[in-house]
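The structure under discussion appears below in the form of structure tokens.
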Amino acid sequence: MDLEELKRLQLKLATRASSGPLRGPVRLVAGVDVAYVSGKNRAFPAAVLLSWPGLEVREEQVLELTVSFPYLPGYLSFREVPLLVAVLSRLSRTPDLVFVDGQGRAHPRRCGLAVHLGVELGLPTVGCAKKPLVGDFEPPGPEVGARSPILLEGEVVGYVVRTRTGVKPVYVSPGHGLSADEAVDLVLAACRGYRLPEPVRLAHLCATRARKCARE
DNA sequence: GCGACAG
DNA sequence: ATCTTGTCGC
């Protein structure tokens, strides 16, 4: 792998990403995540389909695949996009929007996992990470719904959002097909008492559960 | 050179 | 991400 080559690809992908506004109604959403087996190249990508805005689980899919690309900060999408595309293709219906566990535009080259996946699928995506990658920001207020902008080179690429009182905030940034403000609204509307939005939280549980079963 | 660094 | 039990606090 040639990182300079991949950097150029990221810049190209970022150009193809739309910053919204969201087009069309959202009635079905999906959440994706990947669980790994310590050290090995085994991965368990999971996708959960839920109704919107009701958030009722409609379908779950999990796969056991081999990962070929290593984890490198700034290049996560080259490791996970292939896995996520594979598991999403297993769903019986195509979601109107996908919640991703990772950054969207809050990336050095504006091409985080959510951007890459969204452009690749041609579907709107929201990035919701548990930790920051780049940008400057202040901690959001203590009340649920509080947000503070993530600034990168003078641009608001996302928001640090308080989804639960007394709990660390999440880092929300748009992937493809929507604005940063819409991304925040969607994440808050997808939370049900936990730090992470339901689609991502359930996909995480699904992937972890699959890995556990596979080992027993 | 030093520190940072999604999952 | 993963390795891991109990424990403090709302």
Side-chain angles (χ1 to χ4, degrees), chain A residues 1 3 6-7 10 13-14 17 31-47 62-88 98-120 125-137 142-144 150-153 157-176 180 183 187 193-197 199-215:
Chain A
M1 61 174 141
L3 292 186
L6 298 183
K7 276 187 182 178
Q10 292 182 319
L13 287 166
V32 293
D33 189 33
V34 183
Y36 297 93
V37 174
S38 63
K40 302 183 178 182
N41 308 309
R42 283 209 298 170
F44 293 80
V62 200
L63 292 176
E64 175 171 0
L65 301 171
T66 295
V67 284
S68 53
F69 200 88
Y71 167 68
L72 297 175
Y75 300 88
L76 174 66
S77 69
F78 296 105
R79 176 177 172 78
E80 300 199 338
V81 163
L83 308 174
L84 299 180
V85 168
V87 75
L88 281 167
V98 181
F99 285 88
V100 181
D101 189 338
Q103 314 289 345
R105 306 213 55 161
H107 177 280
R109 291 166 291 286
R110 312 295 194 279
C111 191
L113 178 58
V115 170
H116 191 155
L117 183 67
V119 170
E120 183 103 4
T125 52
V126 175
C128 182
K130 300 181 288 301
K131 295 188 293 186
L133 174 62
V134 294
D136 302 308
F137 53 82
E143 69 285 8
V144 172
I150 296 175
L151 265 50
L152 182 62
E153 301 165 341
V157 294
Y159 290 91
V160 184
V161 182
R162 186 76 63 189
T163 53
R164 276 200 66 177
T165 303
V167 174
K168 290 190 299 181
V170 294
Y171 301 78
V172 180
S173 58
H176 174 56
V187 164
Y194 292 89
R195 176 161 86 123
L196 299 178
V200 168
R201 192 178 74 82
L202 295 179
H204 182 271
L205 290 176
C206 186
T208 297
R209 182 206 317 146
R211 179 183 60 194
K212 178 180 180 179
C213 291
R215 298 173 121 180

Subject >> Under 3.5 Å donor-acceptor, A:Ser77 side chain and A:Gly112 backbone >> reply: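 Not a single qualifying donor-acceptor pair exists.
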Show me the donor-acceptor pairs, under 3.5 Å and distance only, between side chains in residues 32-40 of chain A and residues at least two apart or in other chains.
from    : atom 1 : to      : atom 2 : distance (Å)
A:Tyr36 : OH     : A:Arg79 : NE     : 3.4
A:Tyr36 : OH     : A:Glu80 : OE2    : 2.7

Does the side chain of [Y] come within less than 4.5 Å of [X]'s, by heavy atoms?
X        : Y        : value
A:Leu83  : A:Phe44  : no
A:Tyr171 : A:Phe137 : yes
A:Val200 : A:Val100 : no

Original post:
Under the side-chain contact (heavy atoms from CB on, under 4.5 Å) criterion, do A:Val115 and A:His176 qualify, and how do the steps go?
Top reply: CA-CA 5 Å; A:Val115 170; A:His176 174 56; 5.8 Å; no
**OP:** Give me the first and last nucleotide of DNA chain B, going 5' to 3', that has any atom under 4.0 Å from a heavy atom of chain A.
**Re:**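 Taking any atom under 4.0 Å from a heavy atom of chain A, the span is B:dC5 to B:dG7.
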Please enumerate all residues that pass side chain to side chain contact (heavy atoms under 4.5 Å, CB included) together with [X], with sequence neighbours excluded.
X        : value
A:Leu205 : A:Arg201, A:Leu202
A:Leu152 : A:Arg110, A:Val134, A:Val157
A:Lys130 : A:Asp101, A:Arg195, A:Leu196
A:Leu72  : A:Met1, A:Leu3, A:Phe69, A:Pro70, A:Tyr75

Looking at every strand, decide which applies to [X] at a 4.0 Å heavy-atom threshold: base, sugar-phosphate, or nothing.
X        : value
A:Tyr71  : base
A:Gly166 : nothing
A:Gly127 : nothing
A:Phe78  : nothing

Original post:
For the atom pair OG (A:Ser173) and CD (A:Gln103), what is the distance rounded to the nearest 0.5 Å?
Top reply: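 Answer rounded to 0.5 Å: 5.0 Å.
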Subject >> Separation between SG of A:Cys128 and CG of A:Leu113, rounded to the nearest 0.5 Å >> reply: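 Atom-to-atom, A:Cys128:SG and A:Leu113:CG are 12.0 Å apart.
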Subject >> Nearest atoms (heavy-atom pairs only) where A:Gly118 meets A:Thr125 >> reply: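 Taking every non-hydrogen atom into account, CA-CG2, 3.5 Å.
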Original post:
Can you name the nearest heavy-atom pair linking A:Gly175 to A:Ala17, along with the distance?
Top reply: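 Looking at all heavy atoms of both residues, the shortest contact is O-CB, 4.0 Å.
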Original post:
Near DNA chain B, which residues from residues 63-70 of chain A have a heavy atom under 4.0 Å away?
Top reply: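 Within this stretch, nothing sits under 4.0 Å of the strand.
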Original post:
So which pairs with a foot in residues 161-170 of chain A pass side-chain hydrogen bond (donor to acceptor under 3.5 Å, both in side chains), sequence neighbours left out?
Top reply: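 Found none.
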Subject >> Ranges pairing with ranges for DNA chain C, where each run has three or more Watson-Crick or G-U pairs under 3.5 Å >> reply: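 For DNA chain C no paired stretch is long enough to count as a stem (3 pairs minimum).
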Subject >> Under the side-chain hydrogen bond (donor to acceptor under 3.5 Å, both in side chains) test, residues paired with A:His107 that sit two or more places apart >> reply: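 side-chain hydrogen bond (donor to acceptor under 3.5 Å, both in side chains) check on A:His107 returns nothing, list empty.
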Identify all pairs in which a protein N or O lies below 3.5 Å from an N or O of nucleotides 4-9 of chain C, and state each distance.
none

**OP:** Find the distance A:Lys130:NZ to C:dA1:C1' and express it as a whole number of Å.
**Re:**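 Between C1' of C:dA1 and NZ of A:Lys130: 9 Å.
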Subject >> Length of the CZ-P vector between A:Arg42 and C:dA1, whole Å >> reply: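 Whole-Å distance recorded here is 18 Å.
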**OP:** Enumerate, in order of first residue number, the stems that involve DNA chain B, defined as 3 or more consecutive Watson-Crick or G-U wobble pairs with both distances under 3.5 Å.
**Re:**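 For DNA chain B no paired stretch is long enough to count as a stem (3 pairs minimum).
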